[in-house]
Amino acid sequence: MEKWTQDEAIAFECARECINHMIAICTGQLHENPSDERRAELVAERSRLAGELRTLRLKDHAEIARIRTEYGAFIRASMS
């Protein structure tokens, strides 16, 4: 049985929430009637993010850190 620390579990869940928030941002933008080109970009990005969510693993420390840093900054900026 794989064991993890509380910090690892929290970081993993935070990364998953960041990805889910990014998916929600794409979905919201799709409902703003974008151009056909932008719609295709958003659909592709949402699909890529869903794949990233499916493949993320608890021990992917570098990937978890990247997601929290990059997506977290984007999410904060989009909320301001």
Side-chain angles (χ1 to χ4, degrees):
M1 178 176 204
E2 183 177 6
K3 296 194 184 234
W4 57 87
T5 67
Q6 183 176 5
D7 287 343
E8 285 176 320
I10 291 169
F12 177 71
E13 288 304 323
C14 287
R16 290 178 53 83
E17 285 301 316
C18 283
I19 295 170
N20 280 318
H21 200 117
M22 294 290 289
I23 291 170
I25 289 170
C26 289
T27 299
Q29 290 178 4
L30 282 168
H31 292 295
E32 295 172 359
N33 296 320
S35 67
D36 290 342
E37 181 179 329
R38 180 67 180 141
R39 177 175 295 282
E41 290 171 357
L42 289 166
V43 168
E45 178 65 3
R46 198 170 60 172
S47 179
R48 185 193 69 73
L49 288 162
E52 193 171 50
L53 186 61
R54 278 191 308 276
T55 60
L56 187 65
R57 298 294 176 256
L58 186 73
K59 295 294 184 177
D60 296 338
H61 300 291
E63 186 65 5
I64 288 168
R66 181 196 67 79
I67 289 167
R68 292 180 68 194
T69 300
E70 290 179 17
Y71 296 173
F74 183 87
I75 292 164
R76 283 188 298 278
S78 72
M79 295 177 78
S80 58

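Position 1 is the first residue of the sequence, and the numbers go up from there.
Atoms OG and CG, from S35 and L42 in turn, are 8.5 Å apart once rounded to the nearest 0.5 Å. The CD1 atom of I10 lies 12.0 Å from the CD1 atom of I64; values are rounded to the nearest 0.5 Å. Once rounded to the nearest 0.5 Å, the distance linking CD of E45 with CD of E52 reads 8.5 Å.
Ionic pairing of R38 and E32 is not present here: no N-O contact between side-chain nitrogen and carboxylate oxygen is shorter than 4.0 angstrom.
L30 and I75 fall into different hydrophobic clusters, where Ile, Leu, Val, Met, Phe, Trp and Tyr are joined by side-chain heavy atoms under 4.5 Å apart, directly or via other members. Under the 4.5 Å side-chain heavy-atom criterion for grouping Ile, Leu, Val, Met, Phe, Trp and Tyr, L56 is connected to F74 within one hydrophobic cluster. Connection of M79 to I25 is established within a shared hydrophobic cluster, with ILVMFWY side chains joined at heavy-atom distances below 4.5 Å, either directly or through further cluster members.
Within the 4.5 Å cutoff, no side-chain heavy atoms of K59 are placed close to those of F12. Looking only at side-chain heavy atoms (C-beta outward), E8 and H61 come within less than 4.5 Å of each other.
When every heavy atom of A9 is checked against every heavy atom of L58, the shortest pair comes out as CA-CD1, 4.0 Å. Taking both residues in full, the closest heavy atoms of R66 and E63 are given as NH2-OE2, 2.6 Å, listed atom of the first, atom of the second, then distance. For the pair I19 and L49, the tightest heavy-atom approach, listed with the atom from each and the gap, is CG2-O, 3.4 Å. Residues P34 and R39 share a closest heavy-atom pair of CD-NH2, 3.7 Å.
Counting only residues at least two apart or in different chains, side chain to side chain donor-acceptor pair (under 3.5 Å) contacts with residues 13-28 comprise T27-R46.
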